[in-house]
Amino acid sequence: MRLFALVALTMCAFAANSILNRIGVALQGMDPMDFATIRTGAGAAMLWVLVIARKAPRPKVFTTRRCAGALALAIYMIGFSWAYITLDAGLGALILFGVLQIVVFGWAAIEGSTIPLLRWVGAAIALTGLCVLLWPGGDVTVPIGGAISMVTAGIAWAAYTLLGRAEADPLGATASNFLLCLPLVAMVMLGTGIGDMPAPAILTAVVAGAITSGLGYALWYRALPELPTTVAGIAQLSVPVIAVTAGVLFLGEPLTHRLIAAGALVLGGIAVSLIARR
């Protein structure tokens, strides 16, 4: 139950992060790269305050694993921000989490992990539910540039997830990743130009960075060593469902039969995968 609660809380943080990004960029008018930079800086500040406050030795920042984690995190944030300039939110999420599943299951196969049949079935059910929820209707043209950016972000997030499995210090690792990631994201922001920064958007980016990104990612690194690789991938399929449900509850978006059916499929697929683990 402790592990389940930890994963559930982390998935809620991921979903809240998506909503805050959507609010800051789409509704409050901040440039995506400006939002990503403030988000990263706020996350780094929050995490290092917690690292300094705890009674433990300071983490080593410049290790091979943490430099790799920072690079993966930066590529994810940059690709994610650029993709949503042109991609529909639902289609973007479908690409992101679809790529995540392919990479995670592929890596597990390369490592020679034994993946129970029920876990394959659960992943297929959950991914089907995600398609039902997010697949766009009508005649939709997928922007090639946006799709490539989101595929890149999905690969980078999968790498960040895989790197976290061996971290013994989740808070120190996440703080180091964010600190090393910040100059990479800031350089891209400076290269693309700094746009308008409305005060509400800045506040949204700070909350997204300090709470739902910084603390959320630290919780994720805390849970990863206890999760099989494929279960970690499948669990993240719940994030779009949580985000859409939050939109219904807090943003007044309509509750549809499609949402109910998709949510049941995704959560049912995750349940089947957890049964396979047990």
Residues that Tyr221 engages under side-chain hydrogen bond (donor to acceptor under 3.5 Å, both in side chains), provided they are two or more places apart = none
By side chain to side chain contact (heavy atoms under 4.5 Å, CB included), Thr152 pairs with (sequence neighbours left out) Ile75, Ile148
Residues at least two apart in sequence or cross-chain that pass side chain to side chain contact (heavy atoms under 4.5 Å, CB included) with Arg58, listed by chain then number, are Val51, Ile52
Would you say [X] and [Y] make side-chain contact, with heavy atoms under 4.5 Å?
X: Trp107; Y: Thr161; value: no
X: Phe14; Y: Ile242; value: no
X: Ser113; Y: Thr229; value: no
X: Leu215; Y: Leu50; value: yes
X: Ser213; Y: Phe178; value: yes
X: Met30; Y: Ile38; value: yes
X: Val61; Y: Arg66; value: no

Quick check: is [Y] connected to [X] through a chain of hydrophobic side chains (ILVMFWY, heavy atoms under 4.5 Å apart)?
X: Tyr160; Y: Val151; answer: yes
X: Leu162; Y: Leu224; answer: no
X: Phe80; Y: Val99; answer: yes
X: Leu182; Y: Met197; answer: no
X: Leu184; Y: Leu180; answer: no

Examine distances only and state if a side-chain atom of Asp34 and a backbone atom of Gly195 form a donor-acceptor pair shorter than 3.5 Å.
-> yes
So, for [X] and [Y], which heavy atoms are closest and what is the spacing to 0.1 Å?
X: Trp48; Y: Ala175; answer: NE1-O, 2.9 Å
X: Pro59; Y: Asp169; answer: CB-OD2, 3.9 Å
X: Val7; Y: Ala223; answer: CG2-CB, 4.1 Å
X: Ala126; Y: Leu237; answer: CB-CD1, 3.4 Å
X: Gln28; Y: Pro200; answer: OE1-O, 3.2 Å
X: Ala158; Y: Val103; answer: CB-CG1, 3.5 Å

Tyr217 ring center within less than 6.0 Å of Trp220 ring center | no
Could you walk me through whether Leu179 and Phe62 pass the side-chain contact (heavy atoms from CB on, under 4.5 Å) test, one step at a time?
-> CA-CA 10 Å; Leu179 183 64; Phe62 293 98; over 6 Å; no
Show your reasoning for whether side-chain contact (heavy atoms from CB on, under 4.5 Å) applies to Leu3 and Leu227.
-> CA-CA 9 Å; Leu3 180 59; Leu227 291 173; 3.9 Å; yes
